[in-house]
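Written below as structure tokens is the structure these notes are about.
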Amino acid sequence: MKHVRKLVFICTGSDCKKAGAKKLSKDLKGLTDEGDLKGSCKFIKTKCMDMCKTAPNVIVGDYFCKKTSAPKVLDQLKKS
Ligand code: FES
């Protein structure tokens with residue numbers, strides 16, 4: 001059986017860090033460690049994505065989550 005994982009890119013550049021990227025990443029890991037999403041996501045930290053104005057930025061698959069929060073990313077994960 002193929003194990004499919006969703007890729008989540010979290011920007012940890014300086015502006016996103018200031019906007020709470022570290023906490024966002026921690027919260028997301030906590031939230032996806034339970035329920036349906038358990039073991040189905042892979043988090044990848046990236047350098048600046050050049051969209052600092054909309055920090056914190058997260059990419060779920062091919063969708064950009066701008067000025068995002070853990071619940072918004074979670075919603076997108078469930079949709080994708
Ligand atoms: S620091 Fe995240 S987009 Fe620039």
Side-chain angles (χ1 to χ4, degrees):
M1 201 179 97
K2 204 172 148 199
H3 186 69
V4 183
R5 281 200 291 185
K6 292 171 188 171
L7 298 180
V8 182
F9 297 89
I10 302 172
C11 177
T12 52
S14 59
D15 283 343
C16 288
K17 225 182 234 170
K18 264 184 240 156
K22 262 195 179 166
K23 188 178 181 303
L24 180 67
S25 146
K26 211 174 129 203
D27 288 353
L28 278 173
K29 280 184 188 156
L31 287 167
T32 54
D33 233 9
E34 53 196 36
D36 294 351
L37 289 168
K38 191 171 169 48
S40 69
C41 304
K42 172 80 183 156
F43 293 98
I44 299 155
K45 288 181 182 167
T46 73
K47 289 183 179 170
C48 178
M49 298 175 180
D50 262 344
M51 301 186 299
C52 310
K53 277 187 183 155
T54 56
N57 293 302
V58 174
I59 300 175
V60 180
D62 58 1
Y63 185 84
F64 281 93
C65 304
K66 296 172 181 174
K67 291 190 180 177
T68 199
S69 62
K72 282 190 203 165
V73 176
L74 207 65
D75 270 359
Q76 187 56 37
L77 273 168
K78 285 177 185 164
K79 272 193 249 165
S80 63

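In each ligand, atom 1 is the first atom listed, and ligand 1 is the first ligand listed.
A continuous path of hydrophobic side-chain contacts links Phe9 to Phe64 [ILVMFWY only; heavy atoms under 4.5 Å]. Residues Met49 and Val73 do not share a hydrophobic cluster, clusters being chains of Ile/Leu/Val/Met/Phe/Trp/Tyr side chains in contact below 4.5 Å.
Not a single donor-acceptor pair under 3.5 Å links the side chain of Ser25 to the backbone N or O of Ala21. For the pair Asn57 (side chain) and Met51 (backbone), a donor-acceptor distance under 3.5 Å is present. The main-chain N or O of Leu77 is found under 3.5 Å from a side-chain atom of Lys6 such that the two form a donor-acceptor pair.
Taken to the nearest 0.5 Å, the CD1 atom of Ile10 stands 10.0 Å off from the OG1 atom of Thr68.
Excluding waters, the count of protein N/O/S atoms less than 2.8 Å from atom 4 (Fe) of ligand 1 comes to 2.
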